[in-house]
Amino acid sequence: MNPELLVLAIRTALIDAVAAGELAVDVPDEVRIERTRSRDHGDWSTNIAMQIAKGAGMPPRQVAATLAARLGAVSGVKAVDIAGPGFLNITLDAAAAGELARAIVEAGPAYGRGDAEAGHRINVEFVSANPTGPIHLGGTRWAAVGDALARIFEFSGAEVTREYYFNDHGAQIDRFATSLLAAAKGDPAPEDGYAGAYISDIAVAVMERESGILDLPDPEALERFSTLGVDLMFTEIKASLHDFGVKFDVYFHENDLHESGAVDRAIARLTELGAMYQKSGATWLRTTDYGDDKDRVVIKSNGEPAYISSDLAYYLNKRERGFDRAFILLGADHHGYVGRMMAMCAAFGDTPHENLEILIGQMVNLIKDGEPVRMSKRAGTVVVLEDLVEAVGVDAARYALTRSSTDSMIDIDLDLLTKHTNENPVFYVQYAHARTCNVTRLAGEDGVHLADGFDPSLLTHDSEAALLAALGDFPRTVAQAGKLREPHRVARYLEDLAGHFHKWYDECRVRPREANEEITDLHRTRLWLNEATRVVLANGLGLLGVSSPERL
RNA sequence: GCCCUCGUAGCUCAGGGGAUAGAGCGACCGCCUCCUAAGCGGUAGGUCGCAGGUUCAAAUCCUGCCGGGGGCACCA
């Protein structure tokens, strides 16, 4: 009996009660159950009686009693209690609940997969840092969150492309080149240019590649510094992401949109659709028709394309490549773009928040001596992806960045992380996984094997019922994380699951205590539960891009 | 001024209408002759920012206010 079947049973009880004339009410489409906080409340609980009481014109507890009578007769249900204002607390038969362990082990890596996003072609664009410097902490957060989200979508049946948008067009590249040239000559960094050790490193690397570069006239030298510098920076960014375990399918260059004429085509299309107009020498997109607070300039009065022009072309390009859902992950400092981007989406005739979804996440703060530090390249207080990984490792870094809601700011204190790495809850989860592996290994040496027996009716301990309920909740957790675009729910779930496992491990021994103890079905069945836990922990950690070590 | 977001235990944060508001870390007290003590059990610690409203039921939804962060370009 898994949660899905239980929901079905409750709904059937409801429909039957209505058919029998015991209840006069419209049957709701969705019946929700939840795991109970306390064992006193059974395995699963539902508030359905309270929800429909009003429509049925009966007191909630009376509705509950009607349902309880029918539910209690369902095979696999051991007890149904009515509690408080009208909760139905359901306790499953140990054998029925325990069957889940076998189902999970047999499903293996597929356990938890769903079809909520089946049929969708999803493009997830994230990080997208400019090629003018390494990936800072904010970008690192999106690398972890974006990749986790992509994995969750894939697990939910979608075809997913991870995409990195490379802003290699415009003034910032010029500033980057100017900064490189200055560094190469030993001059101070230009006003509003880039500074920092990485600039001189890149400048040196460029000169190594092209020894005579400083002999060129400045305009030509700048050109070379731009091309080679961007290339080197790009290579470095790709390597960082690769080391971080994030594999992008597409690195998209903004410059291509301009050179291929895609920008012109997008503008032509919008003109056709009547969304563009001319005013004071500039070309505008009428975004206010679709909820934006002001119209936006697409072609400036000097004839140059404004930044948004690339966005128009890029969005159109994604749609033309067949993606029905384009996701963009941005930091809170970009939230002002959402309105115009959605308006642009609507101007193309698409549905905002459906064909285009922009996820805004809060910033990452750097903490030093308990105080937030404003990251400044000039002050040398920039912390980048490599710094974080070097301090705590990929697993701890990814986990720490993913376990919080993107709505909340994250504080990163490198000193703290370096000193107390075991404060990171990732170890709590990984330790649970390693423990399951250890049990399996030793049980195998003892001669306890899964294939020799499975009797779920033996899983009668409270901690076993709780662990099974937690395991049964995994598919719904993943579905919810996908639906709400909140990967952190998977991390929180894993911490909860690990807790139930550790408690069970403490209270229920899997292996025989002594070599001469007879091996029984209880040992074997608990080994199934142990293995089922391992499967779920591994699947969950996999969704977060965190490894599942066999030893810690 | 307008927009987004946050405000929950000493700290960092979960909790998308339900029962006695949770976890990790920190503090204190216990538990390894027994599968990994990176674990388990227990104690202490809360006006869920404030005030209204909706509801049988609000930390959760709505409105206003206070406080933190971020944003409001013919910059990218």
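In what follows, chains carry the letters A, B, and so on, assigned in the order in which the sequence lines appear, proteins first and then strands, with residues in each chain numbered from 1.
If you measure from atom OH of A:Tyr307 to atom P of B:G71, you get 15 Å, rounded to the nearest angstrom. A:Ile48 places its CD1 atom 19 Å from the P atom of B:A57, with the value rounded to the nearest Å. For the pair A:Asp407 CG and B:C3 C1', the interatomic distance rounds to 15 Å; values are reported in whole Å. Here the P atom of nucleotide B:G71 and the CG atom of A:Asp293 are 16 Å apart, to the nearest Å. A straight line from CH2 of A:Trp504 to P of B:C40 spans 15 Å, rounded to a whole angstrom. Atom P of nucleotide B:A38 and atom OH of A:Tyr505 are separated by 11 Å, given to the nearest angstrom.
Nearest-nucleotide positions on RNA chain B for A:Ile410 and A:Val510 put A:Ile410 closer to the 5' end.
Between A:His502 and the phosphate of B:A37, there is no side-chain N or O to OP1/OP2 separation shorter than 4.0 Å. Close to B:G15, at under 4.0 Å from its OP1 or OP2, lies a side-chain N or O of A:Arg489. The shortest distance between the side-chain N/O atoms of A:Ser408 and the OP1/OP2 oxygens of B:G7 is not below 4.0 Å.
Scanning atom types as modelled, no donor and acceptor separated by under 3.5 angstrom connect the side chain of A:Ser405 and the base of B:A14. At a cut-off of 3.5 angstrom, the base of B:A19 holds at least one donor-acceptor pair with the side chain of A:Asn89. In terms of polar N and O atoms assigned as donor or acceptor, the side chain of A:His335 never comes within less than 3.5 Å of the base of B:C72 in a complementary pairing. One can find a donor-acceptor pair under 3.5 Å joining the base of B:C74 and the side-chain atoms of A:Ser301.
Contacts of A:Glu445 with the nucleic acid, taken as non-hydrogen atoms under 4.0 Å apart, are absent. If you check every strand for non-hydrogen atoms under 4.0 Å, A:Arg526 touches nothing. A:Cys508 comes within 4.0 angstrom of a nucleotide base, judged by non-hydrogen atoms across all strands. At the heavy-atom level, A:Leu484 lies under 4.0 Å from base atoms of the strands shown. As judged by a 4.0 angstrom heavy-atom cut-off over every strand, A:Gln362 is placed among the base-contacting residues. Among the atoms of the strands shown, none is found under 4.0 Å from any heavy atom of A:Ile360.
Nearest nucleotide to the side chain of A:Val297, out of B:C35, B:C74, B:U12: B:C74.
With C1' as the reference atom, B:C6 and B:G53 are 23 Å apart, rounded to whole Å.
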Item to check | Bracket string, RNA chain B, 5' to 3' - pairs by Watson-Crick or G-U geometry under 3.5 Å, | interstrand | outcome: (((((((..((((....[...)))).(((((.......))))).....(((((..]....))))))))))))....

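B:C56 adopts an anti glycosidic conformation, its chi angle falling more than 90° from 0.
Between A:His253 and A:Phe166, the ring planes are perpendicular. Angles over 60° get that label, and only those under 30° would be called parallel.
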